[in-house]
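Single-structure report; data block below.
Values below: all heavy atoms of this structure, side chains included; hydrogens, waters and symmetry mates excluded.
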Amino acid sequence: MASELLTGLVGLLGASLGAGGAVWAGSVTARSQRRQTRDQLDAAQLRWRLDNKRDVYFQLLKCASLWQSATWDLHSALSLSVEAEVRTETRRRKVGRWQEFAAMSTAAKVFTTDTEVRAAADRLQDALLALDRVTENRYNRREQGEPDSREEAFRTQSRACEAATAALAREIEAALSLS
């Protein structure tokens, strides 16, 4: 009887150790799965942020390009002596492009913490505003019938805008590659 009891106790001890091992293995597996799920969620969130940042930056560059293009359209309309209604409509489109750029620039500043991108966007905005001032001056002089002598100033400011746009694109590329 003692050997049967001893065999039963050893069996019970073995079962207890086996159950304890199974519980331990289950907890290790659960902890590992939680960590893996958390890592996957973190990676998905990082990917989402990067995609959104890329979209905001792309829209910022696109709006800047469209504003500069609209400014060139107005410059051409002023240089080619088109009708006053066409000049007025072209100017209206340019102002609309400015508003789009201003809104996207603000969104980019709120959305990003990349200080180099913010600084480059500010420099681009300054260059675009300088180009806009030259164009507006030409427009106002043209509407008043005064002679136009701002061609070289327009071209100089336009080159500055192109350089500022390229600088912003480089900063965006660097910011996205570091993310």
Side-chain angles (χ1 to χ4, degrees), residues 16-77 88-136 138-139 153-179:
S16 296
L17 287 175
V23 168
W24 177 79
S27 70
V28 167
T29 301
R31 193 174 21 234
S32 174
Q33 287 176 339
R34 278 194 306 271
R35 187 177 313 122
Q36 182 180 10
T37 301
R38 188 173 43 249
D39 290 346
Q40 287 173 342
L41 288 173
D42 289 346
Q45 185 177 29
L46 184 62
R47 210 171 21 258
W48 179 82
R49 284 183 185 159
L50 183 60
D51 288 345
N52 283 334
K53 187 184 283 191
R54 185 178 293 116
D55 290 345
V56 167
Y57 288 160
F58 172 75
Q59 290 298 324
L60 179 64
L61 284 171
K62 179 181 164 189
C63 287
S65 177
L66 289 172
W67 181 26
Q68 189 172 4
S69 178
T71 302
W72 266 99
D73 289 345
L74 181 57
H75 170 74
S76 295
T88 301
E89 178 59 24
T90 304
R91 182 173 179 265
R92 187 194 61 73
R93 281 196 311 271
K94 179 189 67 76
V95 169
R97 294 298 187 190
W98 155 247
Q99 291 169 340
E100 292 169 6
F101 174 80
M104 187 49 65
S105 179
T106 301
K109 288 174 186 176
V110 168
F111 184 76
T112 184
T113 58
D114 299 319
T115 55
E116 293 83 8
V117 172
R118 283 181 171 188
D122 286 341
R123 287 189 299 272
L124 174 57
Q125 182 172 341
D126 291 344
L128 287 166
L129 285 171
L131 178 64
D132 191 63
R133 281 190 294 276
V134 170
T135 307
E136 285 297 310
R138 286 189 76 205
Y139 178 82
F154 178 84
R155 293 196 182 281
T156 300
Q157 291 301 328
S158 186
R159 285 190 293 274
C161 287
E162 291 168 5
T165 301
L168 176 59
R170 284 191 301 274
E171 291 299 336
I172 287 171
E173 185 177 353
L176 291 176
S177 68
L178 294 176
S179 296

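Here Ser158 contributes atom OG and Leu128 contributes atom CG; the two are 9.5 Å apart, rounded to the nearest 0.5 Å. Note that CG of Leu66 is 12.0 Å distant from CZ of Arg93, once rounded to the nearest 0.5 Å. Tyr139 OH to Arg91 CZ: the interatomic distance, rounded to the nearest 0.5 Å, is 5.5 Å.
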Would Glu100 and Arg97 satisfy salt bridge (Lys or Arg N to Asp or Glu O under 4.0 Å), going step by step from the backbone distance to the final call?
-> CA-CA 5 Å; Glu100 292 169 6; Arg97 294 298 187 190; 3.0 Å; yes
Derivation and outcome, side-chain contact (heavy atoms from CB on, under 4.5 Å), residues Gln68 and Leu131 = CA-CA 8 Å; Gln68 189 172 4; Leu131 178 64; 4.1 Å; yes
Go through Arg133 and Glu136 one step at a time and tell me if the side-chain contact (heavy atoms from CB on, under 4.5 Å) criterion holds.
-> CA-CA 5 Å; Arg133 281 190 294 276; Glu136 285 297 310; 5.8 Å; no
Given the rule in the side-chain contact (heavy atoms from CB on, under 4.5 Å) test, do Lys94 and Asp132 qualify, once you have shown the distances and angles that lead to the verdict?
-> CA-CA 9 Å; Lys94 179 189 67 76; Asp132 191 63; 2.4 Å; yes
Output, in order, the C-alpha distance, side-chain angles, deciding distance and verdict of side-chain contact (heavy atoms from CB on, under 4.5 Å) for Leu50 and Arg54.
-> CA-CA 6 Å; Leu50 183 60; Arg54 185 178 293 116; 3.7 Å; yes
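Closest approach of Ala127 to Gln157, counting heavy atoms only: O-OE1, 4.2 Å. Shortest non-hydrogen contact noted between Thr71 and Thr135 is CG2-OG1, 3.1 Å. Taking each heavy atom of Cys161 and Leu124 in turn, the nearest pair found is O-CD1, 3.8 Å. The shortest heavy-atom contact between Thr90 and Ala77 is OG1-CB, 4.4 Å. Residues Ser105 and Gln125 come closest through the heavy atom pair OG-OE1, 3.5 Å.
Listed by first and then second residue, the ring-ring contact (aromatic ring centres under 6.0 Å, His included) pairs that reach into residues 41-71 are Trp67-Trp98, Trp67-Phe101, sequence neighbours excluded. Evaluation of the salt bridge (Lys or Arg N to Asp or Glu O under 4.0 Å) test over residues 116-125, restricted to residues two or more places apart or in two chains, returns Lys109-Asp122.
Annotation: side chain of Leu60 is in contact with side chain of Leu168 (closest heavy-atom distance under 4.5 Å). Contact annotation: the side chain of Gln33 approaches that of Thr29 to within less than 4.5 Å [non-hydrogen atoms, C-beta and beyond].
Side-chain atoms of Thr106 come within 3.5 Å of backbone N or O of Ala102 as a donor-acceptor pair.
In this structure, Glu162 has no salt bridge (charged side-chain N to carboxylate O under 4.0 Å, His left out) partners at least two apart in sequence or on a different chain.
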